[in-house]
There are 2 protein chains.
Amino acid sequence: MLKLYSKYPKHFVAVDCIIFGYDIAEKELKLLVIKRSFEPAKDKWSLSGGFVKEGENLDDAASRVLSNLTGITDLYMEQMHTYGSIDRDPGARVVSTAYYALIGIHEIDTEKKESNGAHWRSISRLPELIFDHNQMVKAALHELLHKVKSQPVGFELLPEKFTLVQLQELYEAVYQRKIDKRNFRKKILSMNLLEKLDEKEKVTSKKGAFYYRFNEEKYNTFTTNGFFFNLDVT
Amino acid sequence: MLKLYSKYPKHFVAVDCIIFGYDIAEKELKLLVIKRSFEPAKDKWSLSGGFVKEGENLDDAASRVLSNLTGITDLYMEQMHTYGSIDRDPGARVVSTAYYALIGIHEIDTEKKESNGAHWRSISRLPELIFDHNQMVKAALHELLHKVKSQPVGFELLPEKFTLVQLQELYEAVYQRKIDKRNFRKKILSMNLLEKLDEKEKVTSKKGAFYYRFNEEKYNTFTTNGFFFNLDVT
DNA sequence: CCAAAAGTGTTTTCTCTACACCCATGT
DNA sequence: ACATGGGTGTAGAGAAAACACTTTTGG
């Protein structure tokens, strides 16, 4: 390796993962937080993070942290923002890139979650987090809100099969407001992205609600043709 | 300083600045590019960047690079994305955070620009840039396009006083398409963010066009009340 | 048979779009 | 008086919003 840049300083580089999960039963958006196991700020609540290794891509570091914690390997994960204030981490100067992921709350490997001291916490009742982690979460929520309107990411938070009621409740949880049932269904179905299955979910009602499935192929056809997902309902 | 993290590797951290300028005369969006003065890739076209110093905030590093190049100190600058592939820079593994700035093409200190080997290049005729810089520009343009629709950042690219014609031409340059004059004026004026001045610009026409000014106070009133700037015109 | 949740259409309102002529002025 | 760019309104189409009753079925 050439020593071209040897006069410049090096820094610790880390990633922090903001893992959102949707709890279909409680109809709440949750965040995965961990009890930090090392100094500084040991035993405080924190996002899960990790240092970027030598010869490891930044994105790969984020995936590694996520998979160590949840067992999930292949996942929608998006870089959000990089935090680089010199004093953000009292242990040393660390530049940290925050990523966020959307998962169904039950997709997670419970073993791994427990052994890492991770817990789901409702976003409306978050604990105090270390460093600038609360700020990160706030920014990620803000971005999620915008994202959810313009791209069909909501489906990432649900199991493969879901009912329209569940989908609506998810949007209500994210938007933090009520949505009109008829308008919601009209709009989402008119996009032709959902496939109605022959199966019904019969736990929450006697009549039962039809399951639907997100059709990724159709979505890709649309996007390549300059289609713009836009879910903005009453 | 505690040696808490000493077992982890350190990395070079850099910033790259994507500086967009609007040329009010040529009605074109331009990008500031420089001829790189050092190895590797010496004499190739590049964004202007720099390594983050010891004890320097990430954002401050971006501001420093910008001000060295343009003389502009106080500016709207936004972090875009962090690029962290291990082989993106052939000189060494460098994690680089890209920022973009919007300025009027004439706000710049010409001395500084020349002495740094910087040039304005129309975004429709960009040269090949080093490393992943073309990718950065493409991403920044994409983000600019979305941003411009949802936030009144267009004004950053214009001088304090501007005519509605100039503002429309700016949006046409960014969107890369014609906008209906009457619809544009109707929409932008209905937002009540512009202040009509008593002065006219009389260079480009005999009749003269009234100057307007962006009213930041009004904008702040709106945003705090949950207002959403939305410019999406014919 | 009734409670509980699923499912379904229509009307009104508003926003977006398309479109063409008059105005002011310097030469 | 005319050429040049600045400025203005309206009608029609399409999208968003408001709104309430019927259906199914397990207990």
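Chain A is the first sequence line, chain B the second, and so forth, proteins listed ahead of strands; every chain is numbered from 1.
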- Message: Using side-chain heavy atoms (C-beta onward) and a distance below 4.5 Å, is B:Tyr22 in contact with B:Leu102?
- Response: no
- Message: If you assign each of A:Phe210 and A:Lys186 to its closest nucleotide in DNA chain C, which residue comes earlier from the 5' end?
- Response: A:Phe210
- Message: Please list, in numerical order, the residues of residues 195-203 of chain A that have a heavy atom closer than 4.0 Å to any atom of DNA chain C.
- Response: none
- Would you call B:Lys147 and B:Glu78 a salt bridge, taking side-chain N to carboxylate O under 4.0 Å as the test? yes
- Query: Which residues, if any, of residues 160-170 of chain B bring a heavy atom under 4.0 Å of DNA chain D?
  - Reply: B:Val165
- If each of B:Ser205 and A:Lys207 is mapped to the nucleotide of DNA chain D with the nearest heavy atom, which maps nearer the 5' terminus, i.e. the 5' end? B:Ser205
- C:dC19 phosphate, OP1 or OP2: any side-chain N/O from B:Arg182 under 4.0 angstrom? no
- Message: What I want to find out is whether A:Glu172 reaches A:Arg177 closely enough, with some N-O distance under 4.0 Å, to be called a salt bridge.
- Response: no
- Student check: side-chain heavy atoms of A:Glu107 and A:Ile72 closer than 4.5 Å: yes
- Query: Are A:Glu195 and A:Lys161 within salt-bridge range, i.e. N to O under 4.0 Å?
  - Reply: no
- Message: Going by the rule side-chain contact (heavy atoms from CB on, under 4.5 Å), which residues pair with B:Pro159 if we only count those two or more places apart in sequence or in a different chain?
- Response: B:Ile24
- Inspect the contact between A:Arg88 and A:Asp132 and indicate whether a charged nitrogen and a carboxylate oxygen are less than 4.0 angstrom apart. yes
- Task: Select from A:Lys181 and A:Lys206 the residue whose nearest nucleotide in DNA chain D is closer to the 5' end of that strand.
- Result: A:Lys181
